[in-house]
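To start, the structure itself, in structure tokens.
What you see is a predicted model, and the numbers here were worked out from it, not measured in a lab. Just so we're on the same page: letters track the sequence lines, and every chain starts at 1.
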2 protein chains.
Amino acid sequence: MRSYQQYCSVARALDVVGDRWVLLIVRELLALGPSRYSDLQRGLPGIATNLLVDRLRTMEADGLVVRREAPAPAGSHVYELTPRGRGLEDVLRALARWGVPSMPSGPAHDDAVQPQWTALFAALTLSRAMRPDAPLTLAIETGSESVVVTLGADGFAIERGSGGADVTLRGSASLVGGVLSGLLTVAEATRSGLVVEGRSDRLTAVLDHTLTQNGAAP
Amino acid sequence: MRSYQQYCSVARALDVVGDRWVLLIVRELLALGPSRYSDLQRGLPGIATNLLVDRLRTMEADGLVVRREAPAPAGSHVYELTPRGRGLEDVLRALARWGVPSMPSGPAHDDAVQPQWTALFAALTLSRAMRPDAPLTLAIETGSESVVVTLGADGFAIERGSGGADVTLRGSASLVGGVLSGLLTVAEATRSGLVVEGRSDRLTAVLDHTLTQNGAAP
DNA sequence: CCGCATCCGGGGCGATACTG
DNA sequence: CAGTATCGCCCCGGATGCGG
């Protein structure tokens, strides 16, 4: 991106992350951790292949990602966030929160829907409210795919699959998102077709804690 | 901006604020309040006139700004943030913080430098640490222009000029910014040429409070 | 002078095809 | 699987013009 040439930390930040797709690439890497090129393509429907490569190269030069040899047997390599790149978590959290009012309308007919996006929203907004001693695993199933989020006070992890979670949320992405953002209560969403399995009490406890935290502290 | 067409609140947010210059326009309106077209041009060196109009129209359609008749005698009109637009304060705060590591190098030879940018940084990062009963007015003089920031627990205000503030910071933007971001102590910056006048003790108290708040809270 | 509108050149971006 | 190459378009930047 062309620099704004302004000695302002906001402008400087945008010089690096203001380019199209950059923050969404960070989103994918933050959600799913070290990822291969094709994994990123899956999570970024609509991106052109040349742009994905371009962005990854630039982000590597800017110190946001590193390209490493893949672990274990795979002969390929993976892209991974650096600490500097992970520092964008606060930016993504702010954007994710600000974007909430545009979500209740539901996905347009040609919008892509992927569960790790909802999972990351949960991780970004709920992780801060976790008790240090009681992590929570949450399965999110929107459409045919599903992921499991592990929420802890010290961070989070998201993995594809649906292995034994404490709670499972199954239904349309807007219902699941509505519950996670506090716009809908679990009871309301259930009435609208959301399926909740497992320890729903633990989920509502975290949601309540998050809401009071945001409502009380200015 | 072309939509990402992803049902993700981050992508939705970027559909609205991801266009070039949009967040910097928000920065200017957040810093200086209702502004005329030419005021915005002053604060956004490098923007083309057609782009500024384009962005303002789009932002108006998206509900970020409103165009009002100018108050008092002026026959013109002003642009003002809506509550939705002001909601981007958290996004700007996160970006401003993330951009700090790119500031100590100082402005490049053709970088623009304007005091309200430094003032907004101070407002965004320090306002949260203010005691409810003790607002602080801070004059910032970098180069020939100067502004006064009023920091309160409930918000902030920035005005051009230099009328009687509690504290005055005069010097290069990187020294002033270094102190405000906590990278330099007042003593260190003073040794490097920063001039501090007035109640520097009240400034250091707020800075200390901010640092401990960010250092302690996870 | 302020607040735009118009025009034009260049580059970023999007879609597809192709290759090691 | 992980990119490279190509092409067309539209966004962006810079300049100029113009009405109130």
Side-chain angles (χ1 to χ4, degrees), chain A residues 1-6 11 14-25 28-29 32 34-62 65-80 110-112, chain B residues 1-6 11 14-25 28-29 32 34-62 65-80 110-112:
Chain A
M1 155 166 291
R2 187 191 169 98
S3 168
Y4 285 109
Q5 298 190 164
Q6 298 181 359
L14 291 174
D15 281 345
V16 176
V17 301
D19 251 327
R20 196 161 162 78
W21 293 107
V22 169
L23 284 175
L24 294 188
I25 293 174
E28 285 305 302
L29 292 172
L32 294 172
S35 305
R36 296 183 308 168
Y37 184 86
S38 51
D39 295 329
L40 291 173
Q41 268 194 316
R42 273 186 67 189
L44 296 164
I47 194 172
T49 62
N50 56 346
L51 278 190
L52 181 51
V53 174
D54 257 32
R55 293 296 179 267
L56 287 170
R57 297 281 177 273
T58 306
M59 292 167 73
E60 196 177 1
D62 288 334
V65 303
V66 288
R67 191 166 100 148
R68 287 193 307 108
E69 294 298 316
S76 186
H77 35 241
V78 294
Y79 295 90
E80 186 177 8
D110 48 0
D111 278 357
Chain B
M1 155 166 291
R2 187 192 172 95
S3 167
Y4 285 108
Q5 297 189 168
Q6 298 181 0
L14 292 174
D15 282 344
V16 176
V17 300
D19 250 327
R20 195 160 163 79
W21 292 109
V22 169
L23 284 175
L24 294 188
I25 293 173
E28 286 304 302
L29 292 172
L32 295 172
S35 305
R36 297 186 309 169
Y37 185 88
S38 51
D39 295 329
L40 291 172
Q41 269 194 317
R42 273 185 68 188
L44 296 164
I47 195 172
T49 62
N50 56 345
L51 278 191
L52 181 51
V53 174
D54 258 32
R55 293 298 181 267
L56 287 170
R57 296 281 176 273
T58 306
M59 291 168 72
E60 196 177 1
D62 288 334
V65 302
V66 287
R67 192 168 100 147
R68 287 193 308 108
E69 295 298 314
S76 186
H77 34 239
V78 294
Y79 294 92
E80 186 177 10
D110 49 0
D111 278 357

From CA spacing to verdict: side-chain contact (heavy atoms from CB on, under 4.5 Å), B:D19, B:T58: CA-CA 10 Å; B:D19 250 327; B:T58 306; 5.7 Å; no

Aromatic plane relationship, A:Y37 with A:Y79 - under 30° parallel, 30 to 60° tilted, over 60° perpendicular: tilted

Separation of C:dG14 C1' from A:L44 CG (nearest whole Å): 14 Å

Straight-line distance of A:L40 CG to A:L32 CG, nearest 0.5 Å: 9.0 Å

Atom pair CE (B:M1) and CG (B:D15), whose distance is rounded to the nearest 0.5 Å: 7.5 Å

Spacing of B:D39 atom CG relative to C:dC4 atom P, expressed in whole Å: 12 Å

Helical bend (five base pairs per end, nearest 10°) for the helix from C:dC1-D:dG20 to C:dG20-D:dC1: 30°

Position toward the 5' end of DNA chain D (nearest nucleotide), A:R2 or A:Y79: A:Y79

Strand-adjacent residues in residues 14-24 of chain A, judged by heavy atoms under 4.0 Å from DNA chain D: none

CD on A:E28 to CZ on A:R42, rounded to 0.5 Å: 9.5 Å

Shortest non-hydrogen contact from B:H77 toward B:R67: NE2-NH1, 3.6 Å

Between D:dC11 (C1') and B:R57 (CZ): distance, integer Å: 18 Å

Atom pair CG (A:L23) and CZ (A:R55), whose distance is rounded to the nearest 0.5 Å: 11.0 Å

Pair A:R20-A:L51, side-chain contact (heavy atoms from CB on, under 4.5 Å): steps then yes or no: CA-CA 9 Å; A:R20 196 161 162 78; A:L51 278 190; over 6 Å; no

Rounded distance in Å - OH (A:Y37) to C1' (D:dG3): 5 Å

Interface with DNA chain D, restricted to residues 45-56 of chain B and to heavy atoms under 4.0 Å: B:G46, B:A48, B:T49, B:N50, B:L51, B:R55

Under-4.0 Å side-chain N/O to phosphate OP1/OP2 contact, A:H77 with D:dC1: no

Gap between atom OG1 of A:T49 and atom CG of A:D54 - 0.5 Å precision: 10.0 Å

Nearest heavy-atom neighbours spanning B:L52 and B:I25: CD1-CD1, 3.8 Å

Rounded distance [0.5 Å steps], CZ in B:R57 versus CG in B:D62: 13.5 Å

Gap between atoms CD and P, on B:Q41 and C:dG3 respectively (whole Å): 8 Å

Interatomic distance where CZ belongs to B:R36 and C1' belongs to C:dC4 [whole Å]: 14 Å

Integer-rounded Å distance: D:dG14 P and A:Y4 OH: 13 Å

B:S76 vs C:dC2: side-chain N/O to OP1/OP2 distance below 4.0 Å: no

